[in-house]
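A short worksheet on the structure shown next.
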Amino acid sequence: MFGWYLEQIKDHGLVAATWLLWRVSWRRVYVISCNLALPAKLTCPCCGWRGRRFFDYIEKGYTVSNAACPGCDSHSRHRALFMWLRDEFRIQEKAGRALVFAPEKALAPLWQAAGNLRIVRVDLEAERGVDARADLMRLPLKEQVADLIWCHHVIEQVPEVQLALSELRRVLAESGELIVSVGQSSREKTVEFGFHDKALSGNRRSFGADFPQMLTEAGFSVNQIAYELSEEDRRRYGIYPEPFYRCVRN
């Protein structure tokens, strides 16, 4: 927590960082108290944690209530993708080479269980425990080396979207699949900020409904996936489904 606080001071200044620390701290105390005192209503499919409430996810520019699993830090999209990968995509049966960008801790057990997949974890930051440090816009890889590319909530932060998408297509095998998502608003068009907005998780843009068209223009055939869950399962696992895309080369 102290390291996180220092990062917030660097990004937002002492006053804003201290206010943010207070908000995060008292909400965590509240959630922990609820989990100790009240019967469990929620289950995390990623790690098996059970409790009354998830932690709130709090940034300077926005808050998502009841979002992050205390056990593995999964959010709604991680929990939905975990179930889709396991139950529909059946990742444990796949083979070949997979590039996993910005690997998520909550999904690590699924990648580990895919014994016939050669997993290459890629990120700009070494702290994620990656196999390769690389810029998504300039991948140090040969053409068509990946049978599967996993890229979720990463493209929001790259300076040039079309360059990143072009690189993803270049390294994807002819028979391979790109599975990708971004944070999408209800706007029709993507809004470019022109800088990394530290109050919005460092994003450079807010994608709109035009993101699938960007994928198409980059040379992909695009299939939007909406993981279907019953209302009971959505409540149990704390999932608010968002769209993601299963793409192949044109």
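Predicted model, so just to flag it, every value in this text is computed and none were measured.
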Ring pair (Phe, Tyr, Trp, His ring centres under 6.0 Å) partners for Phe101, two or more places apart: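 Here no residue qualifies.
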Under the side-chain hydrogen bond (donor to acceptor under 3.5 Å, both in side chains) test, which residues partner [X], sequence neighbours left out?
X      : answer
Glu232 : Arg236
His152 : Ser181
Arg97  : none

Centroid separation under 6.0 Å, is that true for the rings of Tyr245 and Phe220?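 Judged by ring-centre distance (under 6.0 Å), Phe220 and Tyr245 do not meet the cut-off.
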Please identify each residue that fulfils side chain to side chain contact (heavy atoms under 4.5 Å, CB included) with Glu174, with sequence neighbours left out.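 Testing Glu174 for side chain to side chain contact (heavy atoms under 4.5 Å, CB included), a comparison that skips the adjacent residues, returns Gln144, Arg249.
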Partners passing salt bridge (charged side-chain N to carboxylate O under 4.0 Å, His left out) against [X] (at least two apart in sequence or in another chain):
X      : answer
Glu93  : Arg90
Asp87  : none
Arg246 : Glu177
Arg52  : none

Can you list every salt bridge (Lys or Arg N to Asp or Glu O under 4.0 Å) pair that touches [range], not counting sequence neighbours?
range            : answer
residues 199-215 : Glu192-Arg205
residues 153-168 : Glu167-Arg170
residues 14-34   : Arg27-Asp56

